[in-house]
Q: 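Below are the structure tokens for one structure; questions will follow.
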Amino acid sequence: MAAGSALKPERKLAIGRAQVSVFETKQNLFEAAAEVFFGTVGDAIAEGGRCTIALAGGSTPKALYSMIAKRADQQEDLRRLDWRNVHFFFGDERGVPPDHADSNYGMVLGTLLKHGLVPPRNVHRILAEKGVADAALLYEQEIKKYFDGPPKFHLILLGIGSDGHTASLFPGTAALDVRDHLVTANLVPQMKAERVTLTYPAINAAARVLFMVAGDDKKQAIESLFVRHADLPAAHVQPAGDLLWYLDREAAALLPA
Ligand code: 6PG
């Protein structure tokens, strides 16, 4: 298959403001997502001299992050991008220290940052080891300081859980109702966990949001969202800018033909 064709979705549909693309394989999804990532970096740097990206946690993005790190390390045109002015933030973090197996920062460190893509000072991690309440306050202060006002991330990468959560905005949790903060701690009883997460105001101010959803276990959540228009946390991600959903064939299996 010609390399170029791997980037083209096999289906594209507009559902509300969401631009939904369905890819034959997870690999094709990630190749297309990498194009969005690099394209956003190049455009943002060209337009304003810097790029801000909030990274998704969980397992789905691992392969994408590794692909991005490898291509940026090996491809001359990508290596020449002005990575000194690219800043990474996090959509959420688990209530664990950075060296814990569940840490989103730890996952990013071992994938996207494996080859030192950006200077360490450009990685704005959530200091979850300080406790989720303090970590949320510190992270919000860091975001406000960096943006010198309300944040407008050039790109926010997100995933979705089978229950329709995104970032750490879980069904039935207090974070869903936070509108006066950019970041909040969130107790998630159904997971017996505590998290730190960007809130809807921070996410919905983004210039572009890209959801990446792969696997058979997500097909019901996708059907709930896009067929039954269920009131799931991910449904409330309605950014001012682009709302892109990249699905693989398995995750899109219950969408109407
Ligand atoms: C996290 C993420 C979370 C994730 C979904 C999907 O910290 O886990 O922020 O929202 O995107 O749970 O996770 P998977 O990609 O592992 O299925």
Side-chain angles (χ1 to χ4, degrees), residues 23 25-27 29-30 33 37 53-68 88-112 123-129 132 135-136 139 153 155-173 175-176 178 182-200 202-204 206 209-225 232-237 239 243-248 250-253:
F23 295 88
T25 66
K26 203 171 174 179
Q27 179 63 21
L29 187 166
F30 288 142
F37 183 97
I53 299 176
L55 300 169
S59 58
T60 301
K62 284 180 183 172
L64 169 69
Y65 296 157
S66 296
M67 178 198 293
I68 288 170
F88 292 132
F89 295 78
F90 290 79
D92 72 324
E93 186 56 275
R94 287 79 181 276
V96 296
D99 57 354
H100 190 283
D102 291 347
S103 168
N104 285 333
Y105 167 76
M107 180 271 287
V108 166
L109 200 58
T111 53
L112 184 66
V123 183
H124 307 265
R125 78 175 180 89
I126 299 169
L127 306 177
E129 67 276 16
V132 291
Y139 188 46
F153 290 100
L155 175 63
I156 296 182
L157 299 176
L158 292 172
I160 184 174
S162 53
D163 61 354
H165 82 262
T166 189
S168 284
L169 298 165
F170 284 83
T173 62
L176 299 180
V178 174
L182 301 169
V183 183
T184 191
N186 197 27
L187 303 185
V188 187
Q190 58 266 47
M191 293 184 71
K192 296 183 177 55
E194 47 184 22
R195 300 277 190 101
V196 179
T197 187
L198 291 181
T199 59
Y200 288 120
I203 293 171
N204 287 335
V209 171
L210 170 60
F211 278 91
M212 297 172 290
V213 188
D216 181 68
D217 62 324
K218 305 291 175 73
K219 66 184 179 190
Q220 279 84 9
I222 293 297
E223 182 197 35
S224 296
L225 267 176
L232 298 175
H236 295 274
V237 172
L243 177 55
L244 309 176
W245 283 79
Y246 281 12
L247 315 178
D248 73 352
E250 288 185 302

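For reference, positions follow the sequence shown, starting with 1. Each ligand, and each atom within it, is numbered from 1 in the order the structure gives.
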Q: Considering non-hydrogen atoms of the protein only, which is the closest contact for atom 13 (O) of ligand 1, and what is the distance?
A: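 Here the closest protein heavy atom is Gly58 CA, 4.1 Å.
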
Q: Using a 4.0 Å heavy-atom cut-off, say whether Thr166 meets ligand 1 through its side chain, its backbone, both or neither.
A: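 Under 4.0 Å from ligand 1, Thr166 contributes backbone atoms alone.
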
Q: In the protein, what heavy atom is nearest to atom 12 (O) of ligand 1, and what distance, to one decimal place, separates them?
A: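 Of the protein heavy atoms, His165 NE2, 2.7 Å lies nearest.
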
Q: Could you list the atoms of ligand 1 found under 4.0 angstrom from a heavy atom of Arg195?
A: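 Once the distances to Arg195 are compared, the set is 1 (C), 7 (O).
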
Q: Provide, to 0.1 Å, the distance between atom 9 (O) of ligand 1 and the closest protein heavy atom, together with that atom's residue and name.
A: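 So the nearest neighbour among protein heavy atoms is Asp92 OD1, 2.7 Å.
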
Q: Dump the intermediate steps for side-chain contact (heavy atoms from CB on, under 4.5 Å) on Leu182 and Leu198, then the final yes or no.
A: CA-CA 6 Å; Leu182 301 169; Leu198 291 181; 5.6 Å; no

Q: For atom 8 (O) of ligand 1, find the nearest protein heavy atom and state the residue, atom name and distance (0.1 Å precision).
A: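 Its nearest protein heavy-atom neighbour is Arg94 NH2, 2.7 Å.
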
Q: Check each of Ala234, Ala167, Gly159, Gly161 against atom 3 (C) of ligand 1 and report the one with the nearest heavy atom.
A: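 It is Ala167 that holds the nearest heavy atom.
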
Q: Among all protein heavy atoms, pick out the one at the shortest distance from atom 6 (C) of ligand 1; state its residue, atom name and that distance to 0.1 Å.
A: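 The answer is Ile160 O, 3.4 Å.
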
Q: Consider ligand 1: state whether an atom of it lies below 4.0 angstrom from any non-hydrogen atom of Glu93.
A: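 Glu93: no contact with ligand 1 (<4.0 Å).
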
Q: Please report the shortest heavy-atom distance between Pro61 and Met212, naming the atom on each side.
A: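 Nearest heavy atoms, Pro61 then Met212: CB-CE, 4.1 Å.
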
Q: First locate atom CG of Leu55, then atom CZ of Phe88, and finally report the distance between them rounded to the nearest 0.5 Å.
A: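 Answer rounded to 0.5 Å: 6.0 Å.
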
Q: Counting each atom of ligand 1 from 1 as listed, which ones have a heavy atom of Thr60 under 4.0 Å away?
A: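 Near Thr60, meaning under 4.0 Å from one of its heavy atoms, ligand 1 has 14 (P), 15 (O), 16 (O), 17 (O).
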
Q: Applying side-chain contact (heavy atoms from CB on, under 4.5 Å) between Trp245 and each of Val209, Leu210, Leu158, Ile160, report the one that passes.
A: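 Exactly one option meets the side-chain contact (heavy atoms from CB on, under 4.5 Å) with Trp245, and it is Ile160.
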
Q: Identify the protein heavy atom lying closest to atom 17 (O) of ligand 1, giving its residue, its atom name and the separation to 0.1 Å.
A: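 Going by distance alone, atom 17 (O) of ligand 1 is nearest to Lys218 NZ, 2.7 Å.
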
Q: Does the side chain of Asn186 pick up a donor-acceptor pair with the side chain of Ser168 at under 3.5 Å?
A: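 No, no side-chain donor-acceptor pair sits under 3.5 Å.
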
Q: Any idea which heavy atoms bring Gly91 and Ala167 closest together, and the distance?
A: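 The answer is O-CB, 3.9 Å.
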
Q: Hey, is Met212 one of the residues with a heavy atom under 4.0 angstrom from ligand 1?
A: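 Checking ligand 1 against Met212, which is what was asked, there is no heavy-atom contact under 4.0 Å.
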
Q: For Pro233 and Leu169, work out which heavy atoms get closest and say how close.
A: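 Looking at all heavy atoms of both residues, the closest pair is CB-O, 3.1 Å.
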
